[in-house]
Amino acid sequence: MYSPQLLDHFQNPRNPGEVSDPDATVQLENPACGDILKLSMRITNGHIVEICFLAKGCVPAMACGSALTELLKGRTVEAASRLRREELVQAVGGLPEASSHASHLAMDALEALLKQIKI
């Protein structure tokens with residue numbers, strides 16, 4: 001049902017936890033299913049130097065949080081703002097249709113996080 005990439009992100013999450021002294025932090029909840037995703041990041045010279053996630057919810061929500069941090073770490077804030085949901089879905093090896101909400105939650109959280117940063 002789930003791709004090997006998705007299961008790997010779930011079983012071996014990248015960048016879990018919270019950034020100490022973050023430049024931005026956001027927590028969003030999907031009201032339909034109750035999944036929660038928290039992102040925190042630190043920026044230096046316009047680059048995302050540290051980004052972490054905490055997730056509570058389904059396997060895809062946790063995997064999308066992990067993959068999102070991997071995709072963003074090292075990018076400029078400007079480049080992060082151009083990340084597409086399709087890139088995230090590709091990074092987890094695809095999502096079953098019933099789990100697409102996980103990628104939407106991750107991208108909504110990213111958008112809210114970036115709004116806290118002056119580009």
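In what follows, residues are counted from 1 in the order of the sequence shown. Hydrogens, waters and symmetry mates are skipped; everything else that's a heavy atom, side chains included, is used.
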(request) Treating Ile, Leu, Val, Met, Phe, Trp and Tyr as nodes and any side-chain heavy-atom pair under 4.5 angstrom as an edge, say whether Leu95 and Leu105 lie in one connected cluster. (result) no
(message) Any heavy-atom pair between the side chains of Ile43 and Val49 that's under 4.5 Å?
(response) no
(message) Tell me if a side-chain donor or acceptor on His47 pairs with a main-chain N or O of Asn45 at a distance below 3.5 Å.
(response) yes
(message) Distance check, rounded to the nearest 0.5 Å: Met62 atom CE versus Lys56 atom NZ?
(response) 10.0 Å
(request) Answer yes or no: is there a side-chain heavy-atom contact under 4.5 Å between Ser99 and Tyr2? (result) yes
(request) Measure the SG-CG distance between Cys64 and Leu71 for me, rounded to the nearest 0.5 Å. (result) 10.0 Å
(message) Measuring only between side-chain heavy atoms, which start at C-beta, is Ser66 closer than 4.5 Å to Phe53?
(response) yes
(request) Answer yes or no: are there more than 12 heavy-atom neighbours, outside Gln90 itself, under 6.0 Å from its atom CD? (result) no
(message) Between Asp8 and Arg14, does any NZ, NE, NH1 or NH2 come within less than 4.0 Å of an OD or OE carboxylate oxygen?
(response) yes
(request) State, with a plain yes or no, whether a side-chain heavy atom of Ile117 is found less than 4.5 Å away from one of Met41. (result) yes
(message) Just to verify, what does Ser40 make a side chain to side chain donor-acceptor pair (under 3.5 Å) with, not counting sequence neighbours?
(response) none
(message) With heavy-atom distances below 4.5 Å as the criterion, would you say the side chains of Arg85 and His104 are in contact?
(response) yes
(request) Check whether any side-chain heavy atom of Thr25 sits under 4.5 Å from a side-chain heavy atom of Leu39, and report yes or no. (result) no
(message) For a quick test of reading the model, state the closest non-hydrogen atom pair linking Arg82 to Glu87 and the distance between them.
(response) O-OE2, 4.0 Å
(message) Salt bridge check, Glu50 against Lys73: does any charged N sit closer than 4.0 Å to a carboxylate O?
(response) no
(message) Please say yes or no: joined through hydrophobic side-chain contacts below 4.5 Å, possibly via intermediate residues, are Val89 and Met107 part of one cluster?
(response) no
(request) Check each of Leu28, Val26, Asp23 against Leu113 using the side chain to side chain contact (heavy atoms under 4.5 Å, CB included) test, and report the only one that passes. (result) Val26
(message) I'd like to check Asp35 versus His101 (side-chain heavy atoms, cut-off strictly below 4.5 Å). Are they in contact?
(response) yes
(message) Rounded at 0.5 Å granularity, tell me how far CG in Leu88 sits from CG in Leu110.
(response) 9.5 Å
(request) May I ask you to say whether Glu70 pairs ionically with Arg75, meaning some side-chain N is under 4.0 Å from a carboxylate O? (result) no
(message) Can you give me the closest heavy-atom contact between Ala55 and Leu37, atom names plus distance?
(response) CB-CD1, 4.0 Å
(message) Is there a side-chain contact between Gln27 and Ile36 in this structure, where contact means two heavy atoms from C-beta onward sitting under 4.5 Å apart?
(response) yes
(message) Just verifying a value: how many Å separate Ile48 CD1 and Leu72 CG, rounded to the nearest 0.5 Å?
(response) 5.0 Å
(message) To check you understand the geometry: which heavy-atom pair defines the closest contact between Ala63 and Leu6, and what is its length?
(response) CB-O, 3.5 Å
(message) Test of understanding: with salt bridge (Lys or Arg N to Asp or Glu O under 4.0 Å), list the residues that count as partners of Glu29, not counting sequence neighbours.
(response) none
